[in-house]
Number of protein chains: 2
Amino acid sequence: MSSESPTYSPLYRQIKSLLVQALEAGEWRPGELIPSEMELATRFNVSQGTVRKAIDELAAENLLLRRQGKGTFVATHNDPRAFFRFLRLVPLSGIIEPARSVPLECWRAKAGPEAARALELKVGEPIVIVRRVLEFAGKAVVADEIYLPGETFAGLNLEMMKDAQDSFYTLLESRFGVRMIRAVERVRAVAADRASAEILHVAEGSPLLSVERISYTYGDKPMEWRRGLYLTQDHCYLNELG
Amino acid sequence: MSSESPTYSPLYRQIKSLLVQALEAGEWRPGELIPSEMELATRFNVSQGTVRKAIDELAAENLLLRRQGKGTFVATHNDPRAFFRFLRLVPLSGIIEPARSVPLECWRAKAGPEAARALELKVGEPIVIVRRVLEFAGKAVVADEIYLPGETFAGLNLEMMKDAQDSFYTLLESRFGVRMIRAVERVRAVAADRASAEILHVAEGSPLLSVERISYTYGDKPMEWRRGLYLTQDHCYLNELG
DNA sequence: CAGTGGTCTAGACCACGTC
DNA sequence: ACGTGGTCTAGACCACTGC
């Protein structure tokens, strides 16, 4: 996160780094309670206020979650308030319906130039590819193709994804210990090809939203590259600009 | 901004409200330096730390801009680092070229149901409509249609917009004293109609990004409704997900 | 009730920009 | 040298949660 000039780094940022290291090392698992501010202050030999400021930033970046009276928790995708945290699609009607994920295929392959660039792998390194559909109110609205580094996710298979309870990121988190921190999306308008048109039940050539996403875990490491085709007849991609 | 439960509001939020009120009242104009934290602390009879926390939040919301060693300034769209703050379009090549705005038309009308809803006006109230094109590297990439409340922007005309130096929001700020704080965009994929296709030099029916934006000024008051059609052959809509 | 995060204060010192 | 925001500390008290 921090690309500091090397000359100076305030204490609270150093504490922040130490906390991120601890998170990365798995000292506290997703969903777990971390030590209180006072305990951490003692451990790092700084005042509570300094720990507080470090935690403030981590909470702002959604790495931690503060809950007054209870404590500070490691953020997780397995939480109602963060279930589809990266999904910006909302119905035009305004009535929010839960999404349902329908996995279609899952296979191994070697990284092509595109996937290699997105995932910072070498061409030819193993990857896992997943195809799935997102349904809203029983209608297919999103066709996703997901590329993951094969090394880390070697054990991934279709069966795992059948548990409709879990979101995809919850699965990666609980089964493979990989937590996505942030993501970047590139959105364009494209014409539906034959296959996508069939999946989404529209005419070939219909305009679709192409949403390319790269998700990053700790240390800005890309861990997922995905391309989604969104049907925006009854839904739209909502974005708040600060 | 804050939808507090009425039971309790911390002091620093009250200070924040007072600061917003002062901004809204125009006590300090966009770009101007506001009093130092110490002065404000004296004025409001609180400690510097409390003022600091209020300013922290306003800076995070881009209402104020802190500059170490100089002071705190009222944010403005007339600033290199915030010139096209709401424009998410970037070239696929990665090479950033400055956008050029080409105003086409500007006329008065009465609000239809759609515009009235977006701008929170009554149907039939006066509005101003602007059509313009954004060019990157001499090529038309965005066709915008902009709807503004007619009351506030009665004096707006094409001539004003010919100064290519100013961004559109800079103009609204300097000439009409209206500063846009935040915006919400709804993105969809659509097929180019005849008129848009001509402006963007593509075939009718080509897929385009439809970007609908409502911009808000102080007090969450909608002050602009705009619909842009983006050509995403050489550009994409970039979005960072926290 | 005890323990947590949240607020508020006051004062010391640091880093940056200007004169 | 001076004034600004930025950091760090220490301590008091408030608000929320759960036992």
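Labels below follow one simple rule: chain letters A, B, ... track the order of the sequence lines, proteins then strands, and each chain is numbered from 1. In this text, all values refer to a predicted model and were calculated from it rather than measured experimentally.
Residues from residues 25-52 of chain B placing a heavy atom under 4.0 Å of any atom in DNA chain C, listed by number, are B:Val46, B:Ser47, B:Thr50. Looking at residues 65-75 of chain B, you'll see B:Gln68, B:Gly69, B:Lys70 sit with a heavy atom under 4.0 Å from some atom of DNA chain C.
A distance of 8.5 Å separates OH in A:Tyr147 from CZ in A:Arg227, rounded to the nearest 0.5 Å. To the nearest 0.5 Å, atoms CD (B:Glu39) and CZ (B:Arg43) are separated by 10.0 Å.
Partners of B:Phe176 according to the ring-ring contact (aromatic ring centres under 6.0 Å, His included) rule, which considers only residues two or more places apart in sequence or in another chain, are B:Phe153. Under the salt bridge (charged side-chain N to carboxylate O under 4.0 Å, His left out) criterion, B:Arg132 pairs with B:Asp144, not counting sequence neighbours.
We find that CG of A:Leu58 is positioned 15 Å from C1' of C:dG5, with the value rounded to whole Å.
Ring to ring, B:His77 and B:Phe168 are not that close: their centroids are 6.0 angstrom or more apart.
Distance alone, capped at 3.5 Å, places no donor-acceptor pair between the A:Asn239 side chain and the A:Arg88 backbone. For B:Thr232 (side chain) and B:His235 (main-chain N/O), no donor-acceptor pair under 3.5 Å exists by modelled atom type. Proximity of a side-chain donor or acceptor of A:Ser215 to a complementary backbone N or O of A:Ala183 within less than 3.5 Å is not detected. Distance alone, capped at 3.5 Å, is enough to place a donor-acceptor pair between the A:Gln14 side chain and the A:Ser9 backbone. When atom types are taken as modelled, the side chain of A:Arg29 and the backbone of A:Val74 share no donor-acceptor pair closer than 3.5 angstrom.
The rotation axes computed at either terminus of the helix from C:dC1-D:dG18 to C:dT18-D:dA1 lie 10° apart, taking five pairs at each end and rounding to 10 degrees.
Scanning DNA chain D 5' to 3' for nucleotides with an atom closer than 4.0 angstrom to a non-hydrogen atom of chain A gives a first and last hit of D:dT7 to D:dG18.
A salt bridge links B:Glu240 with A:Arg182: the distance from a Lys NZ or Arg NE/NH1/NH2 to an Asp or Glu carboxylate oxygen falls below 4.0 Å.
Crowding of B:Arg175 atom CZ: a count of heavy atoms from other residues, nucleotides or ligands under 6.0 Å not exceeding 12.
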